[in-house]
There are 2 protein chains.
Amino acid sequence: MEQEKKARTIEEEEIKQAESGDEAEAQEEVIEEAEAELVDEDTEEADQVKELEVKVEELNQRLIRNQADYDNFRRRTRKEKEADAKYRAQSLAEKLIPALDNFERAMMVQVDSEDGKSLLQGMEMVYRQMKEALESEGIAAIETVGTPFDPHYHQAVAQAATDEYDSNVVVEEMQKGYMLKDRVIRPAMVKVNA
Amino acid sequence: MEQEKKARTIEEEEIKQAESGDEAEAQEEVIEEAEAELVDEDTEEADQVKELEVKVEELNQRLIRNQADYDNFRRRTRKEKEADAKYRAQSLAEKLIPALDNFERAMMVQVDSEDGKSLLQGMEMVYRQMKEALESEGIAAIETVGTPFDPHYHQAVAQAATDEYDSNVVVEEMQKGYMLKDRVIRPAMVKVNA
């Protein structure tokens, strides 16, 4: 009994000693663990912050790009709208031009009768009114006779050789040409002095 | 850096406390301090994470809004472009209509002479060609005589009382009306049966 007790005491003492001897070490371990945890947590949250900062930067860049796209689209759209508005009459004008050609040709007939002359006068009035309507939308005939030949406006279909005009000057209009504002919708067919 | 510094501080604290001899207590204090610091740092970084998360959410919302604005603008623009294209001939057509009225009036004269008849024939041809050009752009005369009066297309300027037509039917056209596709560009002036 006594021995047993002693033994136990020794054991306990040993344990105690061991514990007390290990105490500093054990505490150190706890601190190390706490530090490791601290570092782990730090690393984890630092990673999260970094990740979020990258995300914010990415979103900012996308916003900037989107805004630039939007601005470009708006600018392009405005220009297209302006061009559309400017030349809106083109399609109808192009279709009316052959009728105008015939109108002019029909008025060239020689009339001697009173009713014929009266009808011709009425038609000349209608023609002028039509021309004014077209002009108010920016459609006008291209100048020809007496102006220097310009391939942007004139299509040379014949050549002349006359002293009446300078060289390279339009001497005759074979078919009227038309502009819509600054755009040629049909060049004039002309005879040019050599 | 911050972590290193902290680790060093903890170490220094350890050495100091160990020297003072009150080891266990000192170590406990160090642990508590380290824990407190850990919590502080945690709070700081957690705040940063939260702040960044709010920022990300905000940027995402802005992106969604911008995209929606852009989409709306594109949709509206496309519709406007379609409408502009559809009715592009309107302005010129409106200006030509009074000339067409006069054209028709001029052709109503009685001609008996040969040259007059020939001129009239030529003009009728020009008129048909013009009408076709207008029709190919969607401009057409509104139906009148014999059709029920419709205030969307007809402007009643006189009333008739005849057994020839049903009640509320157009009996006479006083001035032609015109449509551009589905749009009335000038209502027809008509006489309606009572």
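Per chain, numbering begins at 1; letters A, B, ... match sequence-line order.
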Check: A/S136, A/G122, A/A93: which one forms the most heavy-atom pairs within less than 4.5 Å of chain B?
Finding: A/S136
Next item on the list: Name the region of A/V111, side chain, backbone, both or neither, that has any atom closer than 4.5 Å to a heavy atom of chain B.
Entry: both
Next item on the list: In plain terms, say whether A/D182 and A/K86 are close enough for a salt bridge, that is, a side-chain N and a carboxylate O under 4.0 Å apart.
Entry: yes
Item checked: Donor-acceptor side-chain pairing of B/Y127 and B/E104 below 3.5 angstrom -> yes
Check: If you round to the nearest 0.5 Å, how far is CG of B/N60 from CZ of B/R65?
Finding: 11.0 Å
Note to self: We want to know whether B/Q110 and A/D115 form a side-chain donor-acceptor pair, criterion being a heavy-atom distance below 3.5 angstrom.
What the structure shows: no
Notebook entry, point to check: Can you say whether B/V49 sits under 4.5 Å from chain A via the side chain, the backbone, both, or neither, judging by heavy atoms?
Noted result: both
Next item on the list: Identify which of B/A133, B/S118, B/G116, B/G138 forms the greatest number of heavy-atom pairs closer than 4.5 Å to chain A.
Entry: B/A133
Check: Non-hydrogen atoms of chain B under 4.5 Å away: do they reach the side chain of A/M125, the backbone, both or neither?
Finding: side chain
Notebook entry, point to check: Say you draw a straight line from CG of B/N102 to CE of A/M130; how long is it, rounded to the nearest 0.5 Å?
Noted result: 9.0 Å
Notebook entry, point to check: Relative to chain B, which segment of A/I139 carries a heavy atom at a distance below 4.5 Å: side chain, backbone, both, or neither?
Noted result: side chain
Margin query: At a heavy-atom distance under 4.5 Å, which candidate from A/L92, A/V109, A/L52 has the highest pair count against chain B?
Written below: A/L92
Side-chain donor-acceptor contacts of residues 78-85 of chain B below 3.5 Å, not counting sequence neighbours, with atom names and distances?
{"unit_1": "B/E80", "atom_1": "OE1", "unit_2": "A/K81", "atom_2": "NZ", "d": "3.1"}
{"unit_1": "B/K81", "atom_1": "NZ", "unit_2": "A/E80", "atom_2": "OE1", "d": "3.0"}
{"unit_1": "B/K81", "atom_1": "NZ", "unit_2": "A/D84", "atom_2": "OD2", "d": "3.4"}
{"unit_1": "B/D84", "atom_1": "OD2", "unit_2": "A/K81", "atom_2": "NZ", "d": "3.4"}

Item checked: Region of A/R105 that comes under 4.5 Å of a non-hydrogen atom in chain B -> neither
Next item on the list: Please tell me if the side chains of A/S91 and B/R88 come closer than 4.5 Å, counting only heavy atoms from C-beta onward.
Entry: yes
Next item on the list: Could you tell me whether the side chain of A/N193 and the main chain of A/V171 form a donor-acceptor pair under 3.5 Å?
Entry: no
Check: Using non-hydrogen atoms only, which part of A/D101 is less than 4.5 Å away from chain B: side chain, backbone, both, or neither?
Finding: neither
Notebook entry, point to check: Which residue out of A/E114, A/E58, A/E137 racks up the most heavy-atom pairs below 4.5 Å with chain B?
Noted result: A/E137
Notebook entry, point to check: If you count heavy-atom pairs under 4.5 Å between each of A/L134, A/L119, A/L120, A/D112 and chain B, which one has the most?
Noted result: A/L119
Margin query: Using heavy-atom distances under 4.5 Å, tell me whether B/R74 contacts chain A through its side chain, its backbone, both, or neither.
Written below: both
